[in-house]
Amino acid sequence: MPDIESLLTEKRTFKPDPAFVKQANWNRRKAAELRELGEKHPKRFWAKMAKENVTWFSPWKKVLDWKPPFAKWFVGAKTNVSYNCLDRHLDGPRRNKAAIIWEGEPGDVRTLTFAQLHREVCKFANVLKSQGVKKGDRVALYMPMIPELAIAMLACTRIGAPHNIVFGGFSAEALRDRIEDAGAVAVVTADAGWRRGKPLPLKDAVDNAIEGVESVRSVVVVKRCGPEVPMRAGRDHWWHELMADASAKCPPAKLDAEHPLFILYTSGTTGKPKGILHTTGGYLTHVTTTAKAIFDLKDEDVYWCTADIGWITGHSYVVYGILANGTTSLMYEGAPTTPGPDRFWDIIERHGVSIFYTAPTAIRTFIRLGDEHPKSHDLTSLRLLGTVGEPINPEAWMWYHRVIGGKRCPIVDTWWQTETGGIMITPLPGAVDTKPGSATLTFPGVKAAILSEEGNVVKPPNGGLLAIQQPWPGMLRGIWGDPKRYRETYWSKWKNPKDTYFAGDGAHKDKQGYFWIMGRVDDVMNVSGHRIGTMEVESALVSHAKVAEAAVVGRPDEITGTAIVAFVTPIGGTEAGDTLVAELRRQVTKEIGAMAKPADIRFTDALPKTRSGKIMRRLLRDIASGKETAGDTSTLEDLSVLAKLRESDEG
Ligand code: PRX
């Protein structure tokens, strides 16, 4: 019996458009050569990428020092991330090109050229120094999506003070945990940020979070929305006041390749959040190389990644990987549906966005809202689309391809994690045929496999556990302050070989070697002895024309061990009743087989999601089996969704 059964077969294949291939940064030939180099000599491959894509102040003595599970990349080399994102673009035509085009939720727009951004970053680096922040000190950033967030990040990298960004939607308690665990000495925040037409207060939460936290000496506050906020004398300072006096001269610190760059907290199902540590040279090499190859970045592009910078996607592919390539990065402050359901498409049209990178959860929301919204805008500036964060159901992929991409844009479905730092499994848009729902192949220089619980390679098309089999430059270097947990969580699944990274995802490979991510291993359902992943059943449900989104979980069942319960969000205006239930059960039987047919189907307007948009199946499991909600709900985006689901259960 395989670890996870693979039930869904997707036959559609899309070849890269010849016109796209012709201009691609990595065409088939280049991709094939680099793939071969990456397979035979991964260290040589990454060293070549590091030389081509990153500017170093001094070279490395050794590409990799690997004492599992601890890695050092580009040993002894010196560089600086802000130098790579800014200074090196100032001597040529990029100097006065837009680095950041920012749009606030109320509609205000600001553009910062590379020269202007450089100036702001140097000034803020001096502000940090004036607040006593030194190389190695941690700085917490709790900010809205405004240019000052990118400025603060780059300023931290300029002086070698690792940042610890906490997403602005987190509560004061979550913020306190993260500030305390990281031992931050300063906090940068704003009075508030705009979200759905209202100011979302931030400074208040900071005040509560740092009460009694001794490490924090200074708080810098950006005035964004204008509400009165209490300022504590000696500790709190206005951003604009400190910046007014700051010098614009600040040479970049020459930092060791392994100097800590940032800590970013990620929460698992249990236990306290893990402070994922990333360092300088390897991370920069990984994100700069992948961004250039996968997003096919060109000087003319306007690139827009909709992720909040508070997540890894925003770190790697709103800021660092994009600016290091000298590409214009668009940043948007607010909600996707404010003031109307077409806000994203309006932004794409007005700014001429050419590359668009978003999450499946957003795509499914737009499917539910209706095609008329994207169709009322001119989206012809788009030339490439991407997705990240969850498996994309094939029908959602097809919608993205057709309605947003006008059937001409390649789609890169990129698999990676906070821990991997950068993209690991992905199409190369000018070189790899795509299949809806598959993240396709590993990026050159990355080695992955599907393993069984025992560590044997699982043969296609069976499913198993996704494993990374050799170190990569963007890999996490540890969990802040907890080397034991680092080893146990990621490097102890298999005893032999002991240097294999456990990603926690289920996946299978097809005969062509394409990877299909099947969902988190913790969510796998065991129905009558068949181990079924969530992704395939959900995709079968979403392939019904009236379904926008679906989540499946198991609940205990006397006969089958586990019975499948489906929570389904229909497309707007659909009548959800017994007829649809019967149709959906037939659909699943037809697409993947009777054993995966849901025992219960429940309709809901909304699913419980994390603040970054991932469905929280753990909570649905409790509801499906009539249990109280156990475990942490602090990462839940909207608590009322749970109450509603429970009400419908009783009703
Ligand atoms: O389960 C996988 C899913 O997101 C997890 C990582 O989450 P996080 O650390 O928040 O980072 C998200 C942004 C990189 C993975 O373990 N995931 C991410 N991308 C994909 C995906 N699942 C399927 N397909 C993807 N493209």
Side-chain angles (χ1 to χ4, degrees), residues 4 10 165 167 170 263-269 273-278 283 286-287 290-291 294 305-318 320-321 357-364 385-394 396-397 400 411-427 434-443 446 448 463 465-468 474-476 479 489-490 493 501-508 514-524 533-536 538-539 551 609-618 635 637:
I4 309 176
E10 172 59 57
I165 306 185
F167 172 59
F170 275 125
I263 303 168
L264 179 60
Y265 284 82
T266 176
S267 43
T269 9
K274 305 183 282 265
I276 302 300
L277 173 68
H278 284 286
Y283 171 85
H286 189 159
V287 298
T290 46
I294 299 162
C305 165
T306 67
D308 193 284
I309 289 177
W311 312 119
I312 191 67
T313 308
H315 285 60
S316 301
Y317 301 110
V318 174
Y320 295 128
Y357 189 34
T358 195
T361 180
I363 296 169
R364 294 185 304 248
L385 304 175
T387 75
V388 58
E390 277 186 299
I392 181 164
N393 315 112
W397 193 103
Y400 198 30
I411 298 180
V412 289
D413 172 357
T414 60
W415 178 89
W416 57 296
Q417 307 177 301
T418 304
E419 292 86 343
T420 69
I423 297 169
M424 303 291 278
I425 304 180
T426 176
T434 50
K435 302 182 190 184
S438 170
T440 75
L441 305 172
T442 49
F443 190 77
V446 172
L465 312 175
L466 180 62
I468 313 291
M475 66 188 269
L476 75 166
I479 295 176
T489 310
Y490 303 110
K493 179 81 193 167
Y501 172 86
F502 172 56
D505 282 351
H508 73 95
Y514 276 43
F515 286 87
W516 298 77
I517 310 296
M518 301 166 82
R520 298 293 294 170
V521 174
D522 296 345
D523 293 332
V524 168
T534 50
M535 153 72 169
E536 296 189 328
E538 289 164 3
S539 292
K609 291 186 183 170
T610 64
R611 286 157 212 267
S612 65
K614 288 193 217 298
I615 298 170
M616 291 179 84
R617 293 182 186 75
R618 167 170 69 85
T635 53
E637 139 106 321

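Both ligands and their constituent atoms are indexed starting at 1 by order of listing. We're numbering straight along the sequence, starting at 1. Below, all heavy atoms of this structure are taken into account, side chains as well, without hydrogens, waters or symmetry copies.
- For K614, the heavy-atom gap to ligand 1 drops under 4.0 angstrom.
- At least one donor-acceptor pair closer than 3.5 Å links the side chain of Q417 to the backbone N or O of A503.
- Scanning the protein heavy atoms around atom 15 (C) of ligand 1, the nearest turns out to be D505 OD2, 3.2 Å.
- Of the listed residues (R520, K609, R364), just one forms a side chain to side chain donor-acceptor pair (under 3.5 Å) with E390, and that residue is R364.
- Between D413 and ligand 1, a contact under 3.5 Å exists for at least one N or O pair.
- When each of T313, T414, T442, V446 is checked for a side chain to side chain contact (heavy atoms under 4.5 Å, CB included) with I423, only T414 meets the rule.
- Between Y490 and I468 the shortest side-chain heavy-atom distance does not fall below 4.5 Å.
- With respect to atom 3 (C) of ligand 1, the closest heavy atom belonging to the protein is G389 O, 3.2 Å.
- Here the protein heavy atom with the shortest distance to atom 11 (O) of ligand 1 is T418 N, 3.6 Å.
- Scanning all heavy atoms of the two residues, the minimum distance from Y283 to S316 falls at OH-OG, 2.8 Å.
- Scanning the protein for heavy atoms near atom 23 (C) of ligand 1, the closest one is P391 N, 3.1 Å.
- Protein heavy atom closest to atom 24 (N) of ligand 1, with residue, atom name and distance, is E390 O, 3.3 Å.
- Ligand 1 is never approached by T266 to a heavy-atom distance shorter than 4.0 Å.
- By the 30° and 60° cut-offs, the orientation of the rings of H508 relative to W516 is parallel.
- Taking distance alone, with nitrogen or oxygen atoms compared against 3.5 Å, Q417 approaches ligand 1 more closely than that limit.
- Remark: ligand 1 atoms within the under-4.0 Å shell around heavy atoms of T414 are 19 (N), 20 (C), 25 (C), 26 (N).
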Evaluate the side-chain contact (heavy atoms from CB on, under 4.5 Å) criterion for residues H286 and W416: first the C-alpha distance (whole Å), next the side-chain angles of each, then the deciding distance (0.1 Å), finally the verdict.
CA-CA 12 Å; H286 189 159; W416 57 296; over 6 Å; no

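- Taking OG1 of T440 as the start and CZ of F515 as the end, the distance is 9.5 Å to the nearest 0.5 Å.
- Nearest protein neighbour of atom 6 (C) of ligand 1, counting heavy atoms only, is W416 O, 3.6 Å.
- Interface atoms of ligand 1 facing T313, defined by a heavy-atom separation under 4.0 Å, are 13 (C), 14 (C).
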